[in-house]
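First comes the structure, then the notes that go with it.
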Amino acid sequence: MNTLQSSSMVPWLLSYLFNALWQTPLIFAAAWLAARLVRRAGPRVEHRVWVGALLLQIALPAGNLRIAAVRIPELWRALLGLFLPASAANAGSVHVVFGPASATAGTLHLPFPLELGVVLAYACLVHYFAARLAWGLIQTRTLARAANPITLAGEAAQAWLHHCRRLGITPPPPEIAASPEGIGPVTVGLRRGLLLVPPAFLESLAPADRDAVLAHELAHIARHDFAKNLLYGLVSLPVAWHPLVWRSRARIAESRELVCDAIAADAIAGGAVAGRRHYAQSLLRLAAMLAGQPASQSAGQSKIATLHALGILSFNQDANALERRVMSLTHKRIPLSTGRRILIAAACSVLALATCTSALALHTAISAPAQAASASHRPKKISVSPEVMTGNRISGENPTYPDEARAKKIEGKVVLDVTIGKDGTIEKVNLLKSPDKLLSGSAIKAVRTWRYRPYLLNGEPIAVETTINVIFCTHNCPSFPGPTKRVG
């Protein structure tokens, strides 16, 4: 228990969960708006928007991933510099950074029993969703092994090979098998792909409807959608508990079907409007046929067997999804001009940048609980992480930029080692590094006036040692990690 309590992984995991709770809706809202903006550009672009949103929902709650390209304080200073007059930009500024590394925008303190309960509940949820994914794969493998291979003949075989060539699928062509457990066509397999259909399903279809089925499922195989869907399920396990992650996955599935519809219609009709309408009519006939079949009650019937049956049979399917697919096929496509494409791309880029910077700038950390210590071995002073002390300051003067130093354009970083007493006052300030006496004098003078909330160890106040960086810059402040506080 003591090992778990002192582990840095517990507060990091809690921070991840807390930030995922509010960042996921923010990302989903931004992705929904971006998807609306790019809808005219085609389903492929919309699909990429939702895939990108899912990846951000997974990655952004982790906070500072040490990506050098993301410099939030520097970015906001650059944006402000576009609107501030030159005199204001050159007036000089002072930034205070607690510690040499990455402090967060805010810090929460939770009792350890609550932390432990949340971590255990989260572990159970992750194991549950992982077990569901593994069980679905087992069921899919069982269905594939139990299926009987089918050999196409005549026009069906010619159509199968023709669509393979049109979609760039190299020989040998994917296999087709009859599965008595399935109620509609579904594509499985990580490498070559396998099309599972009910017995005598293809023979019962009209030639146009059969071509629609074969072309649509071959589009899934050409895109390796089964492997991609499995990958999305694996990487989203850390946030699989969030309802809006489910909605993002559903949007990915919907846009994926739109992409495959476009690919299949073009493979059949060569992009002709009349051919796309014929494909849409086949899609409606297939939907009526599949939806009218009673669901199997056998043990082998599973959700994964029907989840991607032409994208019609889905347990999370939006009622308007099929209508949108048909409308997308029947409406005449109007190409976007280059200027409009650039405008849409710029708007989506600004939206993505604003979302990411806001999420990272407002990232909240949950501090690790102080390690227990016996009364006989209670330390007189402990070192506390800068992340925790950042939010504990309650009063004090801010450093000022000395006029003489600003006139001489003296700038740089003053590094201070600070001891904070039990009552929260500054007891000791040691200068570790400074570019000039003027700057160090101003920094030390201000820091000595600071007051903190007393830091508690096992419920009792204790002296704390931490690090403070005061950065003076006259024009373009250099980039540095961690949050900053602009005071001048």
Locate the shortest heavy-atom distance separating Val126 from Leu237; write the atom from each residue and the value.
CG2-O, 4.0 Å
Check: Ala354 main-chain N/O paired with Thr357 side-chain donor or acceptor under 3.5 Å
yes
Restricting to salt bridge (charged side-chain N to carboxylate O under 4.0 Å, His left out), what partner residues turn up for Arg285, sequence neighbours left out?
Asp209
Please find the pair of heavy atoms, one from His216 and one from Cys260, that lie closest to each other, and give the distance.
CE1-CB, 3.8 Å
Just checking, is any N or O donor in the side chain of Glu46 or Ser255 under 3.5 Å from an acceptor N or O on the other one?
no
Taking Asn229 for its side chain and Asp225 for its backbone only, find out whether a donor-acceptor pair lies under 3.5 Å.
no
Using modelled atom types only, decide if a donor and an acceptor are shared between the side chain of Tyr279 and the backbone of Ala208 within a distance under 3.5 Å.
no
Shortest non-hydrogen contact between Val186 and Glu217, atoms and distance
C-OE1, 4.1 Å
Under 3.5 Å, side chain of Tyr122 to main-chain N/O of Pro238, donor-acceptor pair present?
yes
Identify the heavy atoms of Gly193 and Pro174 that sit nearest to each other, and give their distance.
O-CB, 3.7 Å
Heavy-atom closest pair, residues Arg249 and Ser236
NH1-OG, 3.5 Å
Taking the side chain as C-beta and beyond, is there a heavy-atom pair between Tyr232 and Leu55 under 4.5 Å?
no
What distance do Thr355 atom OG1 and Ile27 atom CD1 have between them, rounded to the nearest 0.5 Å?
7.5 Å
Going from CD1 on Ile344 to CZ on Arg39, what distance comes out if it is rounded to the nearest 0.5 angstrom?
12.5 Å
With a sphere of 6.0 Å drawn around CH2 of Trp135, does it hold more than 12 non-hydrogen atoms of other residues, nucleotides or ligands?
no
What's the spacing between Leu125 CG and His242 NE2 if we round to 0.5 Å?
12.5 Å
Which heavy atom of Trp160 sits nearest a heavy atom of Pro173, and at what distance?
NE1-CB, 3.6 Å
Would one find more than 12 heavy atoms of other residues, nucleotides or ligands at under 6.0 Å from atom CZ of Arg141?
no
Nearest 0.5 Å, please: how far is CG in Leu286 from CZ in Arg210?
12.0 Å
Indicate whether the side chain of Glu257 and that of His220 have a donor and an acceptor atom separated by less than 3.5 Å.
yes
Kindly list each side-chain donor-acceptor pair under 3.5 angstrom involving residues 28-38, sequence neighbours excluded, with atom names and distances?
none

Once rounded to the nearest 0.5 Å, what's the spacing between atom CZ of Arg223 and atom NZ of Lys228?
4.5 Å
Supply the atom-to-atom distance Leu167 CG to His162 NE2, rounded to the nearest 0.5 angstrom.
9.0 Å
